[in-house]
Amino acid sequence: MSNYYRDKIHSSDLIATFDDVLILPGFTNFSASEVNISSHLEKYNLKLPILSSAMDTVTEENMAINMALRGGLGVLHRNCSYERQLEMVRIVKRARSFVIDDVATINPSAKVSKAKYMMDNYNISGIVVVNEANKVCGIFTKRDIPFLEDDIKNGAIKDYMTKDVISIKPGASREEALRILYESRKEKLPVIDKDGLLKGLITKKDLAPEFPFASKDDEGHLLCALALSPKFPESSQAQNSLKEIDKYVDIFFIDVADFYKKDDIEGTMKLMKLLESDFVLGNIGTYQAAEYLISKCDFNERFIGLKVGMGSGSICTTSIQTGVGAPTLFATAQVADAIQDYNPKMSLIADGGFTKPGDLPKAFAAGADLIMSGHFFAGTDESPGFIDTIAGRKVKIYRGMGSKDARVSGYIADRYIEGSKMLTEGVSDYVPYVGDVTGVLATLKEGLANGMIYAGAGSIEDMKKVSLGIVSIVGQRETSPHDLIGKF
Ligand code: XMP
């Protein structure tokens with residue numbers, strides 16, 4: 001008599017999710033102000049262990065900038081052309097750095113209309129005017145744009161620019177820059193060397209206000225992360241576009257529903273040879289997948305993290321449509337064990353399925369270094385899209401990248417099974433509008449910090465050591481509001 005199939009069910013791991021578990025309270029030998037929620041993605045330190053999802057209704061440049069300024073990271077989505085991806089990564093890298101070295105410039109004989117086009121499309125308010133030898137001859141800002149349409153169309157920059165440029169020398173301090181800006185009542189300060197050549201630009205906006213917790217690279221620019229298909233592009237034009245994008249990106253996040261596939265692994269290896277940034281691979285959901293990727297594949301040292309979870313997302317239908325899934329908490333525990341066994345330096349990102357602040361401490365207790373959510377951020381001011389009103393409630397659209405709506409673009413088709421046309425793996429719906437991302441992050445931070453205090457863990461590393469227990473159905477009911485008159 002065979003027990004093969006019956007054993008599969010009875011001996012398989014219990015697939016537990018957030019609501020199935022609770023963290024056991026622990027002894028707290030530190031004060032509330034001492035709890036430290038900072039974490040890291042290998043060498044990148046993040047003061048806030050929270051990432052926003054690479055989804056087209058969640059993370060474009062505005063979200064990415066605001067997540068990084070507040071100590072987290074927003075992963076830019078890839079459901080658009082390489083041109084648009086390049087635009088997004090450039091905007092993120094240029095934002096709020098002390099000195100912008102990729103300065104927008106224009107020739108003195110160019111038309112005013114060209115400068116206006118650059119300002120309207122590249123999110124900049126001033127352009128440095130340089131001649132063919134890169135010598136600075138003036139500065140042209142939004143205030144210099146003439147009022148008459150004819151002048152905009154036919155006028156030359158040299159007739160409207162400010163010729164007397166107030167500048168600063170390379171290597172000057174932030175304080176010196178602030179002083180010159182204040183004294184001159186200017187907003188922009190080109191950095192010019194002794195030969196008159198342009199070396200950068202300092203803007204008032206980038207010097208203040210300060211964001212002490214911002215996630216930055218070694219040069220003080222905001223960290224920039226972008227989703228990437230594991231499919232190696234065959235055309236040299238596409239490869240060149242990726243190489244250009246690579247200059248602005250710190251970390252590529254391979255972005256597929258299930259990365260444990262030979263073709264995706266091989267494609268990613270080729271991409272890692274073409275590009276120079278670091279790589280997070282995912283998503284995966286089991287110990288075996290992590291073990292295989294870490295110990296049996298020959299990725300280079302720029303493979304710094306694994307993103308885990310399959311089918312848990314609030315907009316996901318992968319598990320319903322295909323019968324396969326690895327809910328985020330289960331996947332986190334599985335992959336955390338493999339990381340511990342094979343490469344403890346590798347970082348783990350628990351992705352999707354978070355609906356309450358209390359889910360965050362549970363993910364860290366299961367071994368995560370960072371968490372990623374789309375659901376928490378889709379309804380904020382910083383997500384793409386407009387605020388709509390339904391039955392008097394303000395809402396924003398949130399759609400799965402496997403939904404029909406998201407897939408019509410064609411850019412994201414390879415996130416799921418290639419060639420699959422009929423089967424959607426996500427839905428598109430509305431989420432409540434929740435104001436700006438700062439408020440959402442404040443709630444999440446507090447839920448995490450308070451959870452850590454109750455658990456007796458002063459840091460994310462300590463949090464990984466706390467105990468979790470499965471809660472019975474009755475226990476779940478009892479640990480939520482109950483026996484009240486109101487409806488919850
Ligand atoms: P939350 O729970 O924050 O999850 O909404 C966001 C994560 O879900 C993944 N994702 C999808 N998964 N079908 C899926 O099966 C989809 O259409 C889809 N879109 C996004 C993704 O990992 C994201 O971070």
Side-chain angles (χ1 to χ4, degrees), residues 17-19 50-60 63-64 67 72-79 225-230 253-260 280-285 305-332 335 348-360 362-363 368 370-380 383-384 396-409 411-417 420 423-432 434 437 440-441 444:
T17 68
F18 292 115
D19 285 348
I50 302 176
L51 276 57
S52 65
S53 294
M55 299 170 72
D56 60 8
T57 49
V58 179
T59 311
E60 290 194 336
M63 180 67 77
M67 288 297 293
L73 188 67
V75 184
L76 295 161
H77 75 87
R78 65 176 176 100
N79 197 12
L226 173 70
L228 178 66
S229 162
F253 279 64
I254 292 291
D255 175 49
V256 277
D258 168 28
F259 183 71
Y260 193 26
V280 168
L281 310 183
N283 280 16
I284 57 164
L306 283 165
K307 191 153 74 70
V308 313
M310 203 176 151
S312 276
S314 57
I315 34 52
C316 293
T317 54
T318 296
S319 297
I320 296 173
Q321 297 282 55
T322 67
V324 180
T328 302
L329 194 76
F330 166 85
T332 301
V335 173
L348 192 164
I349 298 138
D351 173 21
F354 297 89
T355 56
K356 305 172 277 300
D359 293 339
L360 274 65
K362 294 178 185 178
L370 300 156
I371 74 102
M372 173 179 267
S373 171
H375 181 85
F376 285 138
F377 304 115
T380 61
S383 70
K396 284 188 95 169
I397 285 184
Y398 181 35
R399 65 184 193 192
M401 299 315 294
S403 66
K404 191 163 154 270
D405 293 359
R407 279 162 88 160
V408 287
S409 70
Y411 294 114
I412 203 88
D414 53 11
R415 196 175 189 278
Y416 301 90
I417 303 292
S420 163
L423 202 75
T424 56
E425 291 192 29
V427 293
S428 177
D429 208 327
Y430 291 102
V431 287
V434 289
V437 81
V440 174
L441 289 175
L444 296 179

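Quick note: numbers below take in every heavy atom, side chains included, and nothing from hydrogens, waters or symmetry partners. Counting starts at 1 for both ligands and their atoms, in listed order.
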Trainee: Quick one: salt bridge (charged side-chain N to carboxylate O under 4.0 Å, His left out) pairs with a partner in residues 50-59, sequence neighbours left out?
Mentor: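 For residues 50-59, and leaving out neighbouring residues, the salt bridge (charged side-chain N to carboxylate O under 4.0 Å, His left out) pairs sorted by first residue read D56-R399.
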
Trainee: I'd like the atom pairs linking ligand 1 to the protein - N or O on both sides, separation under 3.5 Å - with distances to 0.1 Å.
Mentor:
unit_1   : atom_1 : unit_2 : atom_2 : d
ligand 1 : 2 (O)  : S314   : N      : 2.9
ligand 1 : 2 (O)  : G353   : N      : 2.8
ligand 1 : 3 (O)  : G374   : N      : 2.8
ligand 1 : 3 (O)  : H375   : N      : 2.9
ligand 1 : 5 (O)  : S314   : N      : 3.1
ligand 1 : 5 (O)  : S314   : OG     : 2.6
ligand 1 : 5 (O)  : Y398   : OH     : 2.6
ligand 1 : 13 (N) : Y416   : OH     : 3.4
ligand 1 : 13 (N) : E425   : O      : 2.6
ligand 1 : 15 (O) : T318   : OG1    : 2.5
ligand 1 : 15 (O) : E425   : O      : 3.4
ligand 1 : 17 (O) : M401   : N      : 3.1
ligand 1 : 17 (O) : G402   : N      : 2.6
ligand 1 : 17 (O) : Y416   : OH     : 3.3
ligand 1 : 17 (O) : E425   : O      : 3.4
ligand 1 : 19 (N) : M401   : N      : 2.8
ligand 1 : 22 (O) : D351   : OD1    : 3.4
ligand 1 : 22 (O) : D351   : OD2    : 2.5
ligand 1 : 24 (O) : S53    : OG     : 2.7
ligand 1 : 24 (O) : D351   : OD1    : 2.6
ligand 1 : 24 (O) : D351   : OD2    : 3.3

Trainee: I'd like to check the ring pair (Phe, Tyr, Trp, His ring centres under 6.0 Å) partners of Y260; sequence neighbours left out, ordered by chain and number.
Mentor: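 Per chain and number, Y260 pairs via ring pair (Phe, Tyr, Trp, His ring centres under 6.0 Å) with Y292.
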
Trainee: Please report the C-alpha distance between I50 and S373 in whole Å, then the side-chain angles of each, then the deciding distance to 0.1 Å, and finally whether the side chain to side chain contact (heavy atoms under 4.5 Å, CB included) criterion is met.
Mentor: CA-CA 8 Å; I50 302 176; S373 171; 5.8 Å; no

Trainee: Should D351 and K307 be marked as a side chain to side chain contact (heavy atoms under 4.5 Å, CB included) after you check the CA-CA gap, both sets of side-chain angles, and the distance that decides it?
Mentor: CA-CA 6 Å; D351 173 21; K307 191 153 74 70; 2.9 Å; yes

Trainee: With F354, which residues qualify under ring pair (Phe, Tyr, Trp, His ring centres under 6.0 Å), at least two apart?
Mentor: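 For F354 the ring pair (Phe, Tyr, Trp, His ring centres under 6.0 Å) partners, ignoring immediate neighbours, are F18.
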
Trainee: Answer yes or no: does atom NZ of K356 have more than 12 heavy-atom neighbours from other residues, nucleotides or ligands under 6.0 Å?
Mentor: yes

